[in-house]
Structures are given as C-alpha cells and as structure tokens.
Amino acid sequence: IISELTSDYAYANKLDSNGVIDPVWSIGDFGNISGYTPEELKEAGGWGKLIHPDDQEEAGYFVSSLLKGNPASIVSRIITKSGEVRWIQDNSKPWFDKDTGKVIGSFGAAKNITQQKLAEEALKKSEEKYRTLINNITEAVALHEIILDKSETPVDFIFLECNPTYEKLTSLKAKDIVGKRGLEVIPNLEKRWIEIYGRVATTGEPETIIDYSEYLDKYWEVRAYSPRKNQFAVAFTDVTDRIRAEEELSINDRRWKQA
C-alpha cells in the first residue's frame with residue numbers, strides 16, 4: 001500500500017469511531033515538515049492539532065471517508081510546531097482489522113507542496129494584475145493561438161481572450177468569440193492577416209503593421225508579438241481618421257502644386 005503512496009513521508013494512524021486520529025508511526029520527513037515526532041503529536045492532541053482552522057471541515061470529510069472504508073485524499077494547510085503554515089497533499093487508505101473487518105486506522109503518505117502552492121498564489125496575483133492592466137488600457141488587446149496545417153502553414157487561429165477596448169472597437173464580444181476560430185467568427189478575414197500572425201507566432205519576431213481591414217472598414221495600427229510558441233497577442237488602435245486626413249492632405253498638396 002505504502003509503495004503506491006510514497007511521497008515525502010509515510011505513516012500509520014489509529015482511528016476511532018469519533019474521528020480522533022492517533023499517530024502510530026511515520027517514516028521519512030514527517031519530523032522536518034511538521035516539527036513533531038509521532039509521540040509529541042499524540043501528546044499535543046493528535047493529527048487534528050496540525051490542521052489549519054480554515055481546513056478543519058475538509059479534514060472532517062477526509063476522516064469520514066476513511067471511516068466508511070474508502071481511500072481519501074486531501075490538500076490542506078498544517079500548522080507546524082514552530083507555528084509555520086505549510087501545505088500538505090495527503091493520500092490515505094483504510095486500515096482494516098483482520099478479524100472484524102472494521103476500520104481501525106489508516107496507512108498513507110503525504111507530500112509537502114508548500115512551494116507549489118506559493119508559486120500558484122504568486123501566479124494568480126500576477127495574472128490578476130495583468131488582467132487589471134489589460135482591462136484598463138485604452139488599446140485593444142487580444143490573445144490568440146495559431147492553427148497550422150500538416151505542412152506547418154498557418155491556416156487559422158483561435159481566440160483566447162480580449163479586453164473591453166477590443167470589444168468596443170471591433171464589436172466582437174469575448175463571450176461570443178473566445179474558444180472559436182478566427183475564420184468562424186470572421187469568415188471573410190483577409191488571408192494576409194493570418195499569414196502575418198502566423199509568422200509572428202511561429203518565429204517569435206514581433207511586427208508592427210498599419211493596414212486596412214475590409215471587414216471592419218478601418219485602418220489599424222497593429223503591434224503583434226508572441227508571448228509563447230504558437231501564440232500571438234495583438235495591441236491595436238484605430239488610425240482611420242489619421243490615415244484619411246493624411247490622404248486628404250496629400251491630395252490637396254498635389255492640387256496646390258498643379259495650380
């Protein structure tokens with residue numbers, strides 16, 4: 001059983017009908033992770049003493065499952081002997097009495113996943129900051145994944161996310177486009193855009209383009225870059241008024257020179 005569960009440490013606990021858990025033995029890194037020996041933990045009040053107050057309810061479900069004779073898993077916080085909070089992933093199987101067949105305890109193994117959880121929390125905070133920034137900038141921003149055919153030629157892309165400014169400028173709503181193919185959303189999308197975006201996504205080389213979109217009847221200044229292989233992000237602004245003003249100025253300039 002233990003070989004299936006081996007992690008940072010393995011253990012055996014006695015378990016009574018009230019859900020009180022008493023440690024019997026442990027091998028591995030239990031002492032370094034918790035700060036307790038099995039004897040000290042028993043004197044301190046047993047396994048429940050370790051569990052963070054906010055995770056006690058989940059721990060109750062964990063113990064209940066074992067008492068019913070089922071394997072159980074839990075990811076929870078423990079409070080070490082020194083008062084430090086650590087995250088543990090615990091996998092356990094019931095320990096049955098040979099004569100009565102009743103559950104008398106559990107065998108299990110646990111892993112210290114504190115660094116993983118801290119990394120996840122840091123990533124979440126980073127993503128929240130990123131989303132706040134993206135949602136509040138005035139440029140239209142969208143993230144996509146390029147689709148390649150068997151010959152590695154870009155043929156389409158998938159919308160992954162976009163900000164409110166993108167929705168406003170294009171009239172395309174995130175709820176309607178995320179997860180869909182570009183040509184599904186914009187059937188008459190000019191092929192050159194897929195070629196440009198495919199080049200950026202596959203080579204990693206950023207590009208800035210000022211071009212006219214027939215679909216939206218606007219001129220766009222588009223900055224495209226690849227945040228990771230086979231993905232591309234675009235940030236663009238509507239420069240239609242500027243381009244048309246420049247064209248009008250050019251026409252007037254030619255007229256003045258011909259006069």
Side-chain angles (χ1 to χ4, degrees), residues 1-132 145 160-161 179 227-229 231:
I1 292 174
I2 296 300
S3 64
E4 297 175 14
L5 302 170
T6 298
S7 194
D8 286 336
Y9 65 89
Y11 62 83
N13 293 324
K14 278 293 181 73
L15 186 65
D16 67 22
S17 59
N18 295 317
V20 176
I21 300 174
D22 287 328
V24 178
W25 56 260
S26 69
I27 56 174
D29 214 22
F30 175 79
N32 289 332
I33 293 173
S34 70
Y36 292 96
T37 64
E39 295 75 19
E40 289 174 332
L41 184 58
K42 185 173 182 179
E43 291 176 4
W47 181 78
K49 174 71 175 179
L50 285 174
I51 303 300
H52 190 284
D54 293 343
D55 295 333
Q56 288 287 346
E57 183 176 0
E58 185 69 22
Y61 296 136
F62 174 77
V63 173
S64 177
S65 180
L66 290 170
L67 285 172
K68 293 176 182 177
N70 301 314
S73 298
I74 186 174
V75 173
S76 65
R77 287 159 291 183
I78 65 168
I79 300 176
T80 68
K81 187 176 181 180
S82 65
E84 182 182 352
V85 175
R86 289 180 176 169
W87 283 92
I88 299 295
Q89 180 177 348
D90 193 341
N91 302 295
S92 192
K93 291 186 175 183
W95 175 5
F96 297 99
D97 184 277
K98 292 182 179 178
D99 297 323
T100 66
K102 293 182 178 180
V103 176
I104 59 172
S106 64
F107 295 103
K111 183 175 181 63
N112 179 3
I113 59 169
T114 304
Q115 291 304 314
Q116 175 185 329
K117 295 296 289 187
L118 291 176
E120 290 174 356
E121 290 172 6
L123 178 60
K124 182 179 179 181
K125 290 179 181 178
S126 175
E127 289 176 342
E128 288 173 351
K129 289 180 180 179
Y130 160 79
R131 195 164 301 281
T132 298
E145 183 161 345
L160 299 180
E161 61 178 300
R228 64 182 62 179
K229 183 68 173 177
Q231 287 189 1

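Not a single ring pair (Phe, Tyr, Trp, His ring centres under 6.0 Å) links Y36 to another residue, sequence neighbours left out. For K229, the salt bridge (Lys or Arg N to Asp or Glu O under 4.0 Å) criterion is met by no residue, not counting sequence neighbours. Taking E120 as the reference, K117 meet the salt bridge (Lys or Arg N to Asp or Glu O under 4.0 Å) condition, with sequence neighbours excluded. Shown here are the side-chain contact (heavy atoms from CB on, under 4.5 Å) partners of K102, two or more places apart in sequence or in another chain: T100. Taking the side chain to side chain donor-acceptor pair (under 3.5 Å) definition, one finds that N70 meets it with nothing, sequence neighbours left out. Residues satisfying the side chain to side chain donor-acceptor pair (under 3.5 Å) criterion with S34, sequence neighbours excluded, are absent altogether. Residues passing the side-chain contact (heavy atoms from CB on, under 4.5 Å) test with L118 are T114, Q115, E121, sequence neighbours excluded. By the side chain to side chain donor-acceptor pair (under 3.5 Å) test, Q56 is found to be paired with no residue, residues two or more places apart in sequence or in another chain being considered. Every residue two or more places apart in sequence or in another chain that forms a ring pair (Phe, Tyr, Trp, His ring centres under 6.0 Å) with W95 is listed here: F107.
At least one donor-acceptor pair closer than 3.5 Å links the side chain of D8 to the backbone N or O of N112.
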Inset, instruction - In sequence, state the C-alpha distance, the side-chain angles, and the governing distance for I33 and T80, and then conclude on side-chain contact (heavy atoms from CB on, under 4.5 Å). - result: CA-CA 7 Å; I33 293 173; T80 68; 5.8 Å; no
Inset, instruction - Let me see the working for S73 and D90 under side-chain contact (heavy atoms from CB on, under 4.5 Å), right down to the final yes or no. - result: CA-CA 6 Å; S73 298; D90 193 341; over 6 Å; no
Legend entry - Residues V85, I78; criterion side-chain contact (heavy atoms from CB on, under 4.5 Å); working and verdict: CA-CA 6 Å; V85 175; I78 65 168; over 6 Å; no
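Within the model, atoms CD of Q89 and CD1 of I74 stand 11.0 Å from one another, a figure rounded to the nearest 0.5 Å. The CG atom of D97 sits 5.0 Å away from the CD1 atom of I104 when rounded to the nearest 0.5 Å. E145 contributes atom CD, which lies 5.0 Å from atom CD of Q231 (distance to the nearest 0.5 angstrom). Atom CZ of R86 is separated from atom CD1 of I113 by 13.0 Å, given to the nearest 0.5 angstrom. Separation of atoms CG (L41) and CG (L50) is listed at 4.5 Å; rounding is to 0.5 Å. Residue E40 holds its CD atom at 12.5 Å from NZ of K49, rounded to the nearest 0.5 Å.
Pairs of residues two or more places apart, or lying in two chains, never qualify as ring pair (Phe, Tyr, Trp, His ring centres under 6.0 Å) while including a residue from residues 72-93. Here salt bridge (Lys or Arg N to Asp or Glu O under 4.0 Å) pairs that include residues 60-79, with residues two or more places apart or in two chains, are D55-R77.
Y11 and A109 get closest at one heavy-atom pair: CE2-N, 3.5 Å.
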List the atom pairs, with distances to 0.1 Å, where a side-chain N or O of residues 57-67 and a protein N or O form a donor-acceptor pair under 3.5 Å, not counting sequence neighbours.
| from | atom 1 | to | atom 2 | distance (Å) |
| --- | --- | --- | --- | --- |
| E57 | OE2 | Y61 | OH | 3.1 |
| S65 | OG | P71 | O | 3.4 |

